[in-house]
Amino acid sequence: MTADPGQEALREVYAGILDRAPEHDFEPTLGRVADVCDLLGHPERAFRVVHLTGTNGKTSTTRMVERLLREHGLRTGRFTSPHLSSVTERIAIDGEPLSPERFVEVWQDVAPYVHLVDQRSLEAGGPRLSFFEVLTVMAFAAFADAPVDVAVIEVGLGGRWDSTNVVDGEIAVLTPIALDHERWLGHELTEIAGEKAGIIKDGATVVMAEQRPEVEGVVLPVAAEHGARLLREGVDLGVAGRRLAVGGQLLDLRTPGGLYTEVFLPLHGAHQAHNAALALTAVEAMISGSGTLSGEIVEVAFADMHSPGRLEVVRSSPTVLVDAAHNPHGVDALVAGVQEAFAFERLVGVVGILQDKDAESILAGLEPLLDEVVVTRSGSPRAQEVDELAEVAREVFGEDRVHTAERLDEAIALAVELSEAAVEGSPTGAGVLVTGSVTMAAEARTLFGRP
């Protein structure tokens with residue numbers, strides 16, 4: 001079989017970008033991205049922007065905002081991270097990832113300017129643009145060239161110093177803020193909140209999820225300082241009602257524009273209902289200044305929602321779920337979602353966690369949900385070694401409930417065997433949950449042939 005030249009070129013370009021400092025190698029500066037944007041004629045100013053930050057729920061909420069805007073007939077750009085199967089997923093136009101050929105073209109368009117700023121930075125004793133900085137510049141260039149009407153942009157890490165923060169977001173969305181990435185953002189919730197509030201611009205509308213009081217205590221003064229209009233969950237918006245439905249849930253969503261009832265969302269978990277309320281409020285603010293949107297448009301957009309790697313069923317009989325939860329707050333939402341939407345007699349976890357994460361808290365959060373756990377690792381160089389993670393797991397679960405497998409495919413096969421053996425004759429009673437990191441979710445989806 002002959003190789004696909006588009007894929008070959010994409011692999012080559014991706015390898016070159018990947019050779020740069022990784023996206024988790026965080027440096028507090030916007031200078032390099034701003035310099036490239038200046039040389040490119042400021043593509044980041046060519047479209048309106050909804051800018052999203054937070055600890056959990058960013059990607060799902062970003063996808064909801066984009067889908068709602070697109071249903072209103074607007075041309076959309078969507079920038080999310082990390083990717084699950086291909087780097088092209090990160091940059092989408094009208095809901096579709098860039099093709100491999102277009103991704104390569106965009107890189108070729110920006111490469112001379114990236115190299116020029118690289119050279120300037122190196123001469124001044126600084127580094128080249130990082131992996132994430134290059135992708136950010138590529139997204140802006142692709143969106144301006146399309147051209148899109150609105151770009152929905154998820155921060156990579158933090159907010160204030162994130163490379164996406166050269167945009168002037170007229171809507172800033174803050175999903176729930178909790179402890180994560182402490183090495184880069186700080187060990188106190190107030191420090192993390194301060195970094196994330198850094199995306200709020202003068203005169204913006206801020207749509208904020210329900211937060212801990214200490215987070216609100218940081219965000220409110222920042223919003224006031226910038227003359228921003230603040231819309232808070234629990235005050236100006238919220239989930240007024242929620243009922244389980246086949247394949248998802250029916251929502252009643254309250255926004256400044258009114259009450260939207262019986263909205264079907266084909267995603268599981270209360271957290272997704274709250275994400276939907278944020279997304280709907282953000283789109284109201286952008287489209288109508290917080291007037292009511294067409295109920296039919298809202299229903300069509302939400303009914304078409306999918307969020308890969310978020311409580312996603314990738315196999316049945318036994319049911320295999322994949323979820324990218326990778327911090328304690330995300331695990332809490334995952335556990336509540338599984339308990340609400342599924343009725344397993346026996347659920348076996350397949351868990352791999354990255355080195356910089358709070359493995360003990362993640363495993364402790366999963367423990368009440370899982371009957372047994374198979375500890376493994378993803379292919380990420382940052383993945384915690386199986387033996388080290390298994391030691392932590394045994395302290396949480398006890399010796400008898402912990403198994404190990406060096407490879408993910410072996411771990412899933414063992415988990416399927418363990419779950420089915422205990423509920424013989426009950427095809428719906430057995431379940432497997434693959435979780436612990438985005439890379440675990442990504443690799444599991446690939447094993448099950450999910451695009």
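It should be emphasised that the depicted structure is a prediction, and the values quoted were computed from it without experimental measurement. Heavy-atom basis, side chains included; hydrogens, waters and symmetry copies ignored.
- In this structure, CZ on Arg78 lies 10.0 Å from CD on Glu154, to the nearest 0.5 angstrom.
- Looking at Ile362 and Pro328, their side chains come closer than 4.5 Å, going by heavy atoms from C-beta outward.
- The side-chain heavy atoms of Leu369 and Val331, taken from C-beta on, include no pair separated by under 4.5 Å.
- When each of Thr61, Asp332, Asn275, Asn327 is checked for a side chain to side chain donor-acceptor pair (under 3.5 Å) with Asn56, only Asn327 meets the rule.
- A donor atom on one side chain and an acceptor atom on the other are not found under 3.5 Å apart for Ser163 and Glu133.
- Considering only heavy atoms from C-beta on, Leu74 comes within 4.5 Å of Ile287 through its side chain.
- Side-chain contact check for Met440 versus His326: every heavy-atom pair is 4.5 Å or farther apart.
- Atom OH of Tyr113 has 12 or fewer neighbouring heavy atoms from other residues, nucleotides or ligands inside a 6.0 Å radius.
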- Item | salt bridge (charged side-chain N to carboxylate O under 4.0 Å, His left out) between Asp149 and Arg48, intermediate numbers included | CA-CA 6 Å; Asp149 300 309; Arg48 300 170 73 189; over 6 Å; no
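- Note on Arg229 versus Asp236: no salt bridge recorded, every NZ/NE/NH1/NH2 to OD/OE distance being 4.0 Å or above.
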- Message: Run Phe132 and Thr164 through side-chain contact (heavy atoms from CB on, under 4.5 Å) and show every step you take.
- Response: CA-CA 9 Å; Phe132 189 73; Thr164 63; 4.1 Å; yes
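- Summarising the geometry of Ala46 relative to Ala144, their closest heavy-atom pair is CB-CB, 3.9 Å, with the distance given to 0.1 Å.
- Considering only heavy atoms from C-beta on, Val374 stays 4.5 Å or farther from Ile412 through its side chain.
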- Given side-chain contact (heavy atoms from CB on, under 4.5 Å), test Asp168 with Val49 step by step and report yes or no. CA-CA 7 Å; Asp168 187 4; Val49 173; over 6 Å; no
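- Leu347 contributes atom CG, which lies 10.0 Å from atom CD of Gln339 (distance to the nearest 0.5 angstrom).
- Here NE2 of His268 is found 12.0 Å from CG of Leu334. Values are rounded to the nearest 0.5 Å.
- When side chains are defined from C-beta on, Asp19 counts as touching Arg128, because their heavy atoms get closer than 4.5 Å.
- The nearest pair of heavy atoms linking Gln272 to Leu265 is O-CD2, 3.7 Å.
- When the shell of 6.0 Å around CD of Glu214 is examined, it contains more than 12 heavy atoms from other residues, nucleotides or ligands.
- Shown here for Ala209 and Glu233, the closest heavy-atom pair between the two residues is CA-OE1, 3.4 Å.
- Using a 4.0 Å cut-off between charged nitrogen and carboxylate oxygen, Glu262 and Arg243 count as a salt-bridge pair.
- A salt bridge links Arg242 to Glu340: at least one charged side-chain nitrogen sits closer than 4.0 Å to a carboxylate oxygen.
- Counted within 6.0 Å of CD on Glu296, heavy atoms from surrounding residues, nucleotides or ligands total 12 or fewer; the atom is thus considered open.
- Residues Ala142 and Val106 come closest through the heavy atom pair CB-CG2, 4.0 Å.
- Side chain to side chain, Thr439 and Ser380 fail the donor-acceptor criterion of an N or O pair below 3.5 Å.
- Considering every non-hydrogen atom in both His51 and Asn165, the closest pair reads CE1-OD1, 3.5 Å.
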- Query: For Ser86 and Thr88, what are the C-alpha separation, side-chain angles and deciding distance, and is it a side chain to side chain donor-acceptor pair (under 3.5 Å)?
  - Reply: CA-CA 5 Å; Ser86 170; Thr88 58; 2.9 Å; yes
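- Under the 3.5 Å distance criterion, with hydrogens and angles disregarded, no donor-acceptor pair is assigned to the side chains of Glu210 and His274.
- Between Phe344 and Leu370 there is no side-chain heavy-atom pair separated by less than 4.5 Å.
- Here the closest heavy-atom approach between residue Arg32 and residue Val117 is recorded as O-CG1, 3.8 Å.
- Between Phe47 and Phe143, the ring planes lie perpendicular to each other; the angle is over 60°, past the 30° to 60° tilted range.
- For the atom pair Thr136 OG1 and Ile153 CD1, the distance stands at 8.5 Å (nearest 0.5 Å).
- Side-chain contact between Leu389 and Arg377 is absent, with no heavy atoms from C-beta onward closer than 4.5 Å.
- Atom OG1 of residue Thr261 and atom CZ of residue Arg254 lie 14.5 Å apart, to the nearest 0.5 angstrom.
- Arg70 CZ to Arg67 CZ: the interatomic distance, rounded to the nearest 0.5 Å, is 4.5 Å.
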